[in-house]
Amino acid sequence: PDYDLQWHYPLINLPRSWNTTTGHKDVVVAVIDSGVHDHPDLVSNVDYSLGYDFVTSPLSSGDGDGLDPDARDPGETFPPFGYFSHGTHVAGSIAARGNNRLGVEGVAYASKIMPLRTRTDDEDNSGNTYDLIQAIRYAAGLSNDANQLPQQPADIINLSLGFDGDVPSVESLINTIT
């Protein structure tokens, strides 16, 4: 019912693309962000068993611990707007279920999301490069400080973030895995 609010989809000819594909259940998209909140439009496409929380600092994690297998966004509340989750927004843009008469539709709404938490949704969008690198390594199926590997490496790694300048360590890792 909220498709009309997704004003950007006609700009990328998305409705026509859906005639070709809506994604596939075997395609895993890693969303490296603030984690993903339980949401009815995502429940069938977010695979928490594939995800991980790479926020190492218990003090800034928002969930009271460091590395752990729970990549759910613990949530932040910003009055007067209420609950906000950047990771959930990104996951929804990618894989919110389509044709279910609920909320919005994702670009590849038949695909799976691997939620990887590396930052919080606080006012500073806290996160650090080290945690980000560990999550990218995990998504690619490479060794990382959590000493965990996903059941299946991600087919696509999404980073909806920016840096103030060059980050050679991130650039080098991305060049290694592409």
Side-chain angles (χ1 to χ4, degrees), residues 1-55 61-63 67-76 81-121 125 127 131-132 134-142 144 146 148-161 177-178:
D2 294 330
Y3 173 80
D4 291 342
L5 299 176
Q6 296 176 286
W7 57 268
H8 53 298
Y9 283 3
L11 297 175
I12 60 172
N13 293 317
L14 188 57
R16 187 172 49 173
S17 298
W18 282 329
N19 291 330
T20 302
T21 185
T22 58
H24 192 276
K25 65 180 176 65
D26 294 331
V27 174
V28 175
V29 181
V31 174
I32 300 178
D33 208 294
S34 62
V36 178
H37 181 67
D38 290 327
H39 190 281
D41 230 5
L42 290 169
V43 70
S44 62
N45 287 350
V46 175
D47 189 339
Y48 290 105
S49 73
L50 295 175
Y52 211 84
D53 179 351
F54 283 92
V55 179
S61 68
D63 63 1
L67 294 173
D68 67 69
D70 186 0
R72 284 178 175 78
D73 187 332
E76 297 289 336
F81 306 108
Y83 183 82
F84 174 78
S85 170
H86 190 265
T88 302
H89 169 75
V90 171
S93 294
I94 295 167
R97 291 300 295 174
N99 297 321
N100 64 353
R101 298 181 189 270
L102 178 68
V104 298
E105 294 176 291
V107 171
Y109 60 78
S111 300
K112 288 285 180 204
I113 297 293
M114 171 194 288
L116 298 174
R117 188 165 179 263
T118 61
R119 62 187 229 28
T120 61
D121 275 323
N125 292 313
D131 293 351
L132 175 69
Q134 296 306 306
I136 295 170
R137 293 184 63 79
Y138 176 93
L142 302 174
N144 57 77
Q148 301 291 319
L149 294 176
Q151 298 165 2
Q152 171 187 348
D155 299 293
I156 299 164
I157 299 174
N158 176 276
L159 300 169
S160 293
L161 51 84
I177 63 176
T178 55

Stepwise side-chain contact (heavy atoms from CB on, under 4.5 Å) test for Arg119 and His86: CA-CA 10 Å; Arg119 62 187 229 28; His86 190 265; 3.7 Å; yes
Test item: Val29 and Asp155 side chains (from C-beta on) under 4.5 Å apart, heavy atoms: no
Pair Ser34, Asp73: side-chain N/O donor-acceptor within cut-off below 3.5 Å: yes
Donor-acceptor under 3.5 Å (Trp18 side chain, Ala108 main chain): no
Under the side chain to side chain donor-acceptor pair (under 3.5 Å) test, residues paired with Ser17 that sit two or more places apart: none
Atom pair NE2/CG of His37 and Leu42 - distance to nearest 0.5 Å: 10.0 Å
Main-chain N/O of Gln148 paired with Asn144 side-chain donor or acceptor, under 3.5 Å: yes
Candidate pair Met114 and Tyr138, rule side-chain contact (heavy atoms from CB on, under 4.5 Å), full reasoning: CA-CA 10 Å; Met114 171 194 288; Tyr138 176 93; 4.0 Å; yes
pair Tyr52-Asp70: side-chain heavy atoms closer than 4.5 Å: no
Atom pair OG1 (Thr88) and CG (Asp41), whose distance is rounded to the nearest 0.5 Å: 11.5 Å
Heavy-atom check, side chain of Asn158 versus side chain of Ile94, under 4.5 Å: yes
Polar side-chain atom of Gln6 near backbone of Glu105 as donor-acceptor pair, under 3.5 Å: yes
Salt bridge flag under 4.0 Å for residues Asp33 and Arg117: no
Parallel, tilted or perpendicular: ring planes of Tyr9 versus Tyr3, cut at 30 and 60 degrees: tilted
Validation row: Ile136, Ile177 side chains within 4.5 angstrom (heavy atoms): yes
For the student: nearest non-hydrogen atoms of Gly23 and Thr21, plus distance: N-OG1, 3.0 Å
Least distance between heavy atoms, Ala30 atom then Leu116 atom: CB-CD1, 4.1 Å
Gap between atom CG of Leu149 and atom CG of Leu142 - 0.5 Å precision: 8.5 Å
Donor-acceptor contact present, side-chain Thr118 to main-chain Ile32, <3.5 Å: no
Close side-chain approach of Val31 to Pro115, heavy-atom, < 4.5 Å: no
Gap between atom OG of Ser85 and atom NE2 of His39 - 0.5 Å precision: 10.0 Å
Stepwise side-chain contact (heavy atoms from CB on, under 4.5 Å) check, Leu132 with Leu159: CA-CA 9 Å; Leu132 175 69; Leu159 300 169; 3.7 Å; yes
Val27 and Ile156, any side-chain heavy atoms less than 4.5 Å apart: yes
NZ or CZ of Arg72 within 45° of Tyr48 ring axis and under 6.0 Å: yes
Set of residues satisfying side-chain contact (heavy atoms from CB on, under 4.5 Å) with respect to Ala95, sequence neighbours excluded: Asn45, Ile113
Student check: side-chain heavy atoms of Gln151 and Ser49 closer than 4.5 Å: yes
Nearest-0.5 Å distance, OG of residue Ser44 to CG of residue Asn100: 7.5 Å
Non-neighbouring partners of Asn99 that pass side chain to side chain donor-acceptor pair (under 3.5 Å), sequence neighbours left out: Tyr109
